[in-house]
A.B. asks: 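Okay, here's the structure, questions in a sec.
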Amino acid sequence: MNAMNTLPKYIVTLCDGPTCMHQRSKTLKAVIEEELKKRGLYETTSLVLSGCLGMCNKSPIVIVNPGYTIYGGVSPEDIPEIVEEHLVKGKPVARLAIEEDYLYNRFYRVFGDVAFFGQQMRIALRNCGIMDPESLDDYLSLRGYEALAKVLTDMSPAQVISEVKKSGLRGRGGAGFLTGLKWENTARQKSDEKFVICNADEGDPGAFMDRSTIEGDPHTVIEGMIIGGYAIGAHRGFVYIRAEYPLAIRRLRKAIDEARREGLLGTTILDSAFSFDIEIKLGAGAFVCGEETALIHSIEGRRGMPRPRPPYPSQKGLWGRPTLINNVETWANIPVIVLDGADWFTTIGTEKSKGTKVFALAGNVQNTGLVEVPMGTTLREIIYDIGGGIPDNKKFKAVQTGGPSGGCLPEQYLDTRVDYESLQAAGSIMGSGGMIVMDEGVCMVNIAKFFLEFTQNESCGKCTPCREGTKRMLEILQRITKGEGIEGDIEKLERLGTMISKASLCGLGQSAPNPVLSTLRHFRAEYEEHIKNKRCPAGTCVDLLSYTITDGCVGCGLCRKKCPVGAISGEPKQRHVIDQAACINCGQCYAACKFNAIQKS
Amino acid sequence: MSLPLEIIKKKRAEAINRIIGRGFLSTKRVYVGMATCEIAAGSKEVMNAFREAIQTGLTDVYLTQKGCAGRCNLEPTVEIVEEGKIPIKYGRVTREKVREIVERHLKKGEVIEEWVIK
């Protein structure tokens with residue numbers, strides 16, 4: 001059979017975002033389906049529903065690929081004409097086609113038909129995966145630096161700030177402070193000099209949103225920063241990026257050099273009166289340097305330690321000057337807001353959280369990867385529809401968002417919408433975008449221990465609650481996972497955790513107990529099982545496991561030979577026994593047995 | 001003195017001309033993922049294999065690199081874009097697969113469906 005026959009000739013995408021759904025995209029889908037069947041095109045056309053495509057004012061939206069023809073305001077009566085003219089004769093219906101040139105569209109043209117991407121919406125990552133990141137020409141061809149030119153031609157700094165404010169964009173580093181307000185606060189300060197910083201000190205274990213953005217589209221970050229500099233009246237910017245990202249650094253350096261050569265960076269940008277230049281500062285990889293005041297200390301050449309706020313960096317930042325500091329993803333949103341407008345931007349997302357958020361989807365999920373979804377998408381949609389669910393037919397147990405500062409949410413929270421407020425109400429945080437999915441084989445006490453171990457290691461040691469408190473909490477968790485937990489440990493963890501949250505100096509300490517507190521809230525029984533019955537229900541805490549040989553044993557002797565400590569004895573062809581006192585729970589016998597005669601409990 | 005918006009439009013036109021000069025209008029464009037994650041999965045080998053194919057006679061193809069699109073578990077990824085057709089996305093590409101993609105897809109226009117990301 002010719003392989004070409006089974007691939008669809010056309011892909012028809014229907015927007016299934018809230019507005020289009022309201023305009024009955026499902027009815028439209030049924031009408032199209034029927035029409036396709038009538039015309040015998042059902043087999044060769046692929047019909048897909050996608051998440052919000054951001055063209056709500058022209059709802060309902062139907063897109064036909066290849067060619068990326070967008071039809072707006074489609075009614076069921078229009079369907080026969082679209083099918084006849086476009087799908088049969090190959091001529092798009094001009095009467096219904098709309099010209100919507102949004103920046104995110106370009107990604108969709110290449111990847112829109114893949115289920116994994118079709119439900120996403122790419123604003124920050126709009127160019128990642130569709131252009132050569134080392135080519136300024138590629139970026140320019142995709143309307144690169146047009147936002148900067150527009151700002152320099154038509155907008156005053158105050159207008160830029162008001163546009164960013166109107167967009168409702170909030171800091172993508174995790175805390176979710178209103179970006180426009182931060183810009184306004186920095187712009188308002190009187191000073192001989194101001195600075196702009198891009199925080200690319202991505203430290204959460206398993207997170208790679210910033211790295212991918214810079215590696216895939218370095219110019220967008222540069223363009224965002226120049227616009228920020230113009231808005232607040234700064235002439236120097238710094239990108240603080242960790243030295244562990246050599247490729248990202250190389251591409252960023254190349255991008256800065258090329259932008260300078262083309263007159264897009266440096267003195268009198270694009271022949272305007274505005275000058276701005278960017279330097280790269282390499283971080284040594286301390287987690288705490290992602291905290292803005294610690295980061296500023298690090299750029300100044302001092303030890304990366306936070307200081308109390310206020311004064312905020314917008315008042316007294318780098319070298320005591322007002323400083324505007326935003327995360328990579330925040331900067332990447334800026335050119336889009338300027339070009340496509342705040343009015344458009346506010347149509348995406350929820351009431352209080354506008355736009356999209358990038359997540360690094362990892363853990364026990366079928367499709368691991370980088371996803372960018374409109375705010376308000378549910379965790380279930382991300383994990384099951386985009387992520388493809390849990391592999392190996394295992395059951396979902398929890399999802400961890402926000403990295404070591406976030407929390408674990410169990411199944412009943414799967415319909416939580418992803419936005420700053422909803423995640424916080426559920427007991428986790430948005431964070432910078434780490435999302436780790438865990439199946440039933442994961443022990444929640446162990447996970448809490450893992451994250452606490454991380455923050456404990458990364459604690460800078462400046463304030464006592466964080467330095468000493470996390471250490472004591474970790475000791476308790478270590479004891480519990482070893483089967484040495486005692487009555488009262490849970491209460492002690494809660495007391496210590498609350499105290500650390502309240503009394504720590506910076507965000508690292510304040511959020512360090514979150515993984516423990518959230519698992520205590522949602523998986524308390526698992527802690528109790530560890531403490532009272534010395535059992536690990538998930539079967540991962542090595543010290544709490546015991547192995548026994550069942551009646552299924554045929555006496556082959558394989559386990560006896562494998563046992564590294566000689567704890568197994570038995571005559572050939574007789575049932576063997578494990579000496580529990582000598583056993584070290586290494587599990588080698590369990591793995592070796594060919595008759596499933598060893599039980600793990 | 002021109003306005004920044006006029007300058008950027010001129011720059012864009014020049015950039016597009018340069019891209020076309022590099023062969024952008026070839027019948028098929030091949031994008032190879034070259035971010036840290038893709039490279040770790042072996043995309044440098046894939047890129048080299050395409051380069052070698054071009055050196056040894058493959059024509060009418062525009063070969064370029066791209067950033068990470070986000071499909072970690074299917075890397076290295078390669079897209080083949082042809083005007084008027086649905087872009088084909090291949091996953092878990094190896095040097096051996098490149099040989100077949102070149103022979104079957106790029107030369108004969110046959111899509112190798114079992115490797116396509118859907």
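Chain naming here is simple, since letters A, B, ... match the order of the sequence lines and numbering starts at 1 in each.
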A.B. asks: Rounded to the nearest 0.5 Å, what's the gap from NZ on B:K66 to CG on A:D217? Could you check?
C.D. replies: 13.5 Å
A.B. asks: Assess whether side-chain contact (heavy atoms from CB on, under 4.5 Å) is satisfied between B:K118 and A:S46, documenting all intermediate values.
C.D. replies: CA-CA 11 Å; B:K118 287 185 179 132; A:S46 152; over 6 Å; no
A.B. asks: Using a cut-off of under 4.5 Å for heavy-atom pairs, which of A:G216, A:S141, A:P246, A:A248 has the most such pairs with chain B?
C.D. replies: A:S141
A.B. asks: What's the spacing between B:E38 CD and A:E215 CD if we round to 0.5 Å?
C.D. replies: 10.0 Å
A.B. asks: Among A:F111, A:Y10, A:F107, which has the most heavy-atom pairs under 4.5 Å with chain B?
C.D. replies: A:F111
A.B. asks: May I have the step-by-step check of side-chain contact (heavy atoms from CB on, under 4.5 Å) for A:R211 and B:C68, ending in yes or no?
C.D. replies: CA-CA 10 Å; A:R211 194 196 68 207; B:C68 161; over 6 Å; no
A.B. asks: What distance do B:I7 atom CD1 and A:Y145 atom OH have between them, rounded to the nearest 0.5 Å?
C.D. replies: 15.0 Å
A.B. asks: Is any side-chain heavy atom of A:D154 less than 4.5 Å from a side-chain heavy atom of B:L3?
C.D. replies: no
A.B. asks: Select one option (side chain, backbone, both, neither) describing which atoms of B:L74 are under 4.5 Å from chain A's heavy atoms.
C.D. replies: neither
A.B. asks: State, with a plain yes or no, whether a side-chain heavy atom of B:L5 is found less than 4.5 Å away from one of A:E146.
C.D. replies: yes
A.B. asks: Could you check whether any side-chain N or O of B:R71 sits under 3.5 Å from a backbone N or O of A:F117, counting only pairs where one atom can act as donor and the other as acceptor?
C.D. replies: no
A.B. asks: Non-hydrogen atoms of chain A under 4.5 Å away: do they reach the side chain of B:K89, the backbone, both or neither?
C.D. replies: side chain
A.B. asks: Checking heavy atoms, do the side chain of A:L264, its backbone, both or neither come under 4.5 Å from chain B?
C.D. replies: side chain
A.B. asks: With rounding to the nearest 0.5 Å, note down the distance linking OG in A:S135 to CZ in B:R18.
C.D. replies: 8.5 Å
A.B. asks: Could you report the tightest heavy-atom contact between A:A149 and B:I8, atom names first, then the distance?
C.D. replies: CB-CG2, 3.6 Å
A.B. asks: To the nearest 0.5 Å, what is the distance between CG (A:L140) and NZ (B:K11)?
C.D. replies: 8.0 Å
A.B. asks: With chain B as the partner, which of A:T153, A:L148, A:L247, A:D138 has the greatest number of non-hydrogen pairs under 4.5 Å?
C.D. replies: A:T153
A.B. asks: Heavy-atom pairs under 4.5 Å with chain B - which of A:V151, A:D132, A:L152, A:L361 has more of them than the others?
C.D. replies: A:D132
A.B. asks: Quick one: what part of A:R109 sits under 4.5 Å from any heavy atom of chain B, side chain, backbone, both or neither?
C.D. replies: backbone
A.B. asks: Which atoms of B:T36 come close to chain A, meaning under 4.5 Å heavy atom to heavy atom: side chain ones, backbone ones, both, or neither?
C.D. replies: both
A.B. asks: Could you check whether any side-chain N or O of B:N73 sits under 3.5 Å from a backbone N or O of A:Q366, counting only pairs where one atom can act as donor and the other as acceptor?
C.D. replies: yes
A.B. asks: Name the region of B:Q65, side chain, backbone, both or neither, that has any atom closer than 4.5 Å to a heavy atom of chain A.
C.D. replies: both
A.B. asks: To the nearest 0.5 Å, what is the distance between CE on A:M131 and CD1 on B:I19?
C.D. replies: 9.5 Å
A.B. asks: Heavy-atom cut-off 4.5 Å, strictly under: side chain, backbone, both or neither for A:I130 against chain B?
C.D. replies: backbone
A.B. asks: Would B:C72 and A:F208 count as a side-chain contact (heavy atoms from CB on, under 4.5 Å) if you check the C-alpha gap in whole Å, the side-chain angles of each, and the deciding distance to 0.1 Å?
C.D. replies: CA-CA 11 Å; B:C72 302; A:F208 51 93; 3.6 Å; yes
A.B. asks: Work out which heavy atom in B:P4 is nearest to a heavy atom in A:L270; give both atom names and the distance.
C.D. replies: CG-O, 3.7 Å
A.B. asks: Given a strict heavy-atom distance threshold of 4.5 Å, which part of A:T368 is in contact with chain B: side chain, backbone, both, or neither?
C.D. replies: both
